[in-house]
Engineer: 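Structure in structure tokens, see below.
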Amino acid sequence: MAPQSVLVVDDEPNIVLSLEFLMKEAGFDVRVARDGESALEAVRQAPPHVILLDVMLPKRDGYDVCQTIRANPAWKDVRILMLTAKGRQIEKEKGLAMGADDYITKPFSTREVVERVRAYMPDTES
């Protein structure tokens with residue numbers, strides 16, 4: 001069984017480092033993309049189980065990336081958790097309307113992020 005994989009998409013080096021460390025520590029296979037274009041490229045190469053997707057990204061924002069992934073039936077099982085400093089209800093609703101599975105606002109609790117990611121991972125017992 002392939003390890004459970006996470007794609008971290010954020011352009012802020014400190015956040016990328018901390019999320020990458022957390023996800024590896026939790027036993028996930030981690031890849032990183034620093035903008036919307038490379039995020040979609042990474043998904044094309046090998047769709048991850050879960051994407052931690054920042055909203056504010058260079059090239060294509062998180063909403064656009066989310067919508068693009070949701071438009072492709074081959075990626076219907078990819079879970080998208082949007083990460084953003086924009087905690088207002090309207091942004092949250094927009095993210096969920098675009099097809100995000102969940103929404104985490106920054107600054108986030110590291111334990112909460114790991115638990116949320118775990119909750120969206122497919123069952124490996126099957």
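Index from 1, following the sequence. Since we're looking at a predicted model, the values are computed, not measured.
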Engineer: Below 4.0 angstrom, N of the basic side chain to O of the carboxylate: do Asp11 and Arg34 qualify?
Structural biologist: no

Engineer: Donor-acceptor check, side chain of Arg31 to backbone of Leu7, threshold 3.5 angstrom: yes or no?
Structural biologist: no

Engineer: Given the rule that I, L, V, M, F, W and Y join up when any side-chain heavy atoms are under 4.5 Å apart, are Met98 and Leu40 in one cluster?
Structural biologist: yes

Engineer: Okay, side chain of His49, backbone of Met121: is any donor-acceptor separation there less than 3.5 Å?
Structural biologist: no

Engineer: Look up atom CG in Asp64 and atom CD in Glu37, then write down how far apart they are to the nearest 0.5 Å.
Structural biologist: 8.5 Å

Engineer: Can you name the residues that form a salt bridge (charged side-chain N to carboxylate O under 4.0 Å, His left out) with Asp61, not counting sequence neighbours?
Structural biologist: none

Engineer: OH/Tyr103 to CD/Glu93 distance, rounded to the nearest 0.5 angstrom?
Structural biologist: 10.0 Å

Engineer: Glu41: which residues meet the salt bridge (charged side-chain N to carboxylate O under 4.0 Å, His left out) condition with it, sequence neighbours left out?
Structural biologist: Arg44

Engineer: Can you tell me how far apart CD (Gln4) and OH (Tyr120) are? Round to the nearest 0.5 Å.
Structural biologist: 15.0 Å

Engineer: List, one per line, each side-chain donor-acceptor pair under 3.5 Å for residues 73-83, sequence neighbours excluded.
Structural biologist:
residue, atom, partner, partner atom, Å
Arg79, NH1, Asp101, OD1, 3.3

Engineer: Can you list the residues that meet the side-chain hydrogen bond (donor to acceptor under 3.5 Å, both in side chains) rule with Lys106, with sequence neighbours excluded?
Structural biologist: Asp10, Asp54

Engineer: Going only through I, L, V, M, F, W and Y residues with side-chain contacts under 4.5 Å, is there a path from Ile104 to Val55?
Structural biologist: no

Engineer: Please name all residues satisfying salt bridge (charged side-chain N to carboxylate O under 4.0 Å, His left out) with Arg118, sequence neighbours left out, ordered by chain then number.
Structural biologist: none

Engineer: Can you list the steps and then say if Val6 with Ile51 is a side-chain contact (heavy atoms from CB on, under 4.5 Å)?
Structural biologist: CA-CA 6 Å; Val6 177; Ile51 299 175; over 6 Å; no

Engineer: Going only through I, L, V, M, F, W and Y residues with side-chain contacts under 4.5 Å, is there a path from Val16 to Val117?
Structural biologist: yes

Engineer: Using the rule that Ile, Leu, Val, Met, Phe, Trp and Tyr join whenever any side-chain heavy atoms are under 4.5 Å apart, tell me whether Leu57 and Ile15 fall into a single cluster.
Structural biologist: no

Engineer: Identify each donor-acceptor pair in which a side-chain atom of residues 20-30 lies under 3.5 Å from a protein atom, sequence neighbours left out, and give them as a table.
Structural biologist:
residue, atom, partner, partner atom, Å
Glu20, OE2, Lys24, NZ, 3.3

Engineer: Measure the OG-CZ distance between Ser38 and Arg60 for me, rounded to the nearest 0.5 Å.
Structural biologist: 11.0 Å

Engineer: For residues Val9 and Val65, determine if any side-chain heavy atom of one lies less than 4.5 Å from a side-chain heavy atom of the other.
Structural biologist: no

Engineer: Going through the distances and angles, do Lys94 and Glu91 end up as a salt bridge (Lys or Arg N to Asp or Glu O under 4.0 Å)?
Structural biologist: CA-CA 5 Å; Lys94 181 175 178 182; Glu91 275 103 8; over 6 Å; no

Engineer: Treating Ile, Leu, Val, Met, Phe, Trp and Tyr as nodes and any side-chain heavy-atom pair under 4.5 angstrom as an edge, say whether Tyr63 and Leu96 lie in one connected cluster.
Structural biologist: no

Engineer: Looking at every non-hydrogen atom in both residues, tell me the closest pair between Pro47 and Ser5 and how far apart they are.
Structural biologist: O-OG, 4.3 Å

Engineer: Minimum heavy-atom separation for Gly99 to Cys66, with atom names?
Structural biologist: C-SG, 3.7 Å

